[in-house]
Amino acid sequence: MVVLDEKEATLLMHSYGMKCDVQLVMQWLKEGRLSGIEVGGRYTIEEKAVYNFLEDYRWEGTAYEQGIDDQTKISRLLEEVEDFRQRVMELEKEKQV
């Protein structure tokens with residue numbers, strides 16, 4: 001098991017393209033969105049917890065977000081379908097020109 005501090009967790013997130021700073025990582029820890037253990041005002045975070053957070057964050061706001069109800073999932077999928085329809089129409093217009 002690999003254990004990281006707040007700065008190391010932030011750097012790991014950066015390596016996966018996440019734009020964040022140590023303060024934001026601290027906020028996620030305090031909110032419980034990223035799991036870690038606080039000891040004396042410092043956090044230790046398992047590397048696996050960072051990977052789990054990145055996976056959850058990746059799907060946040062989409063139909064594939066964990067913990068959303070079916071109605072929200074359907075609504076988001078319908079929005080996605082409509083976005084694709086619009087894009088197809090735009091591409092068809094470009095093709096005709």
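- Across Y57, Y51, W28, a single residue satisfies side chain to side chain contact (heavy atoms under 4.5 Å, CB included) together with M13, and that is W28.
- Across every non-hydrogen atom of L4 and E8, the tightest pair is CA-OE1, 3.3 Å.
- In this structure, the side chains of L54 and M18 come closer than 4.5 Å at one or more pairs of heavy atoms.
- Counted within 6.0 Å of CD1 on I37, heavy atoms from surrounding residues, nucleotides or ligands total 12 or fewer; the atom is thus considered open.
- Between atom OG of residue S75 and atom CD1 of residue I68 there is a gap of 9.0 Å, rounded to the nearest 0.5 Å.
- The same ILVMFWY cluster, assembled from side-chain heavy atoms under 4.5 Å apart, contains both Y16 and V50.
- For the atom pair T44 OG1 and E6 CD, the distance stands at 8.5 Å (nearest 0.5 Å).
- Ion pair R87/E92 not flagged as a salt bridge, since none of the NZ, NE, NH1 or NH2 atoms sits closer than 4.0 Å to an Asp/Glu carboxylate oxygen.
- Residue I74 holds its CD1 atom at 12.5 Å from CD of E79, rounded to the nearest 0.5 Å.
- Judged by distance alone, with hydrogens and angles left aside, the side-chain atoms of H14 form a donor-acceptor pair with the main-chain N or O of C20 at under 3.5 Å.
- A salt bridge links E55 to R58: one of the charged nitrogens lies within less than 4.0 Å of a carboxylate oxygen.
- Considering CE of M26 and CG of D21, their distance stands at 11.0 Å, rounded to 0.5 Å.
- Using a 4.5 Å cut-off on side-chain heavy atoms (C-beta onward), R85 and V88 make no contact.
- In this structure the side chain of V3 never reaches within 4.5 angstrom of the side chain of E47, judged on heavy atoms.
- Formation of a donor-acceptor pair under 3.5 Å by the Q96 side chain with backbone atoms of K93 is not found in this model.
- Salt-bridge formation is detected for the pair E65/R76: a Lys NZ or Arg NE/NH1/NH2 atom is positioned less than 4.0 Å from an Asp or Glu carboxylate oxygen.
- Checking side-chain atoms of S15 against main-chain N and O of L12 turns up a donor-acceptor pair under 3.5 Å.
- The shortest distance between side-chain heavy atoms of R33 and E60 falls below 4.5 Å.
- Counting only heavy atoms from C-beta outward, the side chains of K48 and F53 never approach each other to under 4.5 Å.
- Linking ILVMFWY side-chain heavy atoms closer than 4.5 Å, directly or via other members, places V2 and L34 in a single hydrophobic cluster.
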task = Apply the test side-chain hydrogen bond (donor to acceptor under 3.5 Å, both in side chains) to residues E82 and Q86: give CA-CA distance (whole Å), side-chain angles for both, the deciding distance (0.1 Å), then the verdict.
result = CA-CA 6 Å; E82 185 56 34; Q86 290 294 324; 3.1 Å; yes

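- Summarising the geometry of S35 relative to I45, their closest heavy-atom pair is O-CG2, 3.5 Å, with the distance given to 0.1 Å.
- The shortest side-chain heavy-atom distance between L29 and E38 does not fall under the 4.5 Å cut-off.
- With contacts defined as side-chain heavy-atom distances shorter than 4.5 Å, the pair L77/Y64 qualifies.
- Y43 is linked by a ring-ring contact (aromatic ring centres under 6.0 Å, His included) to nothing, counting only residues two or more places apart in sequence or in another chain.
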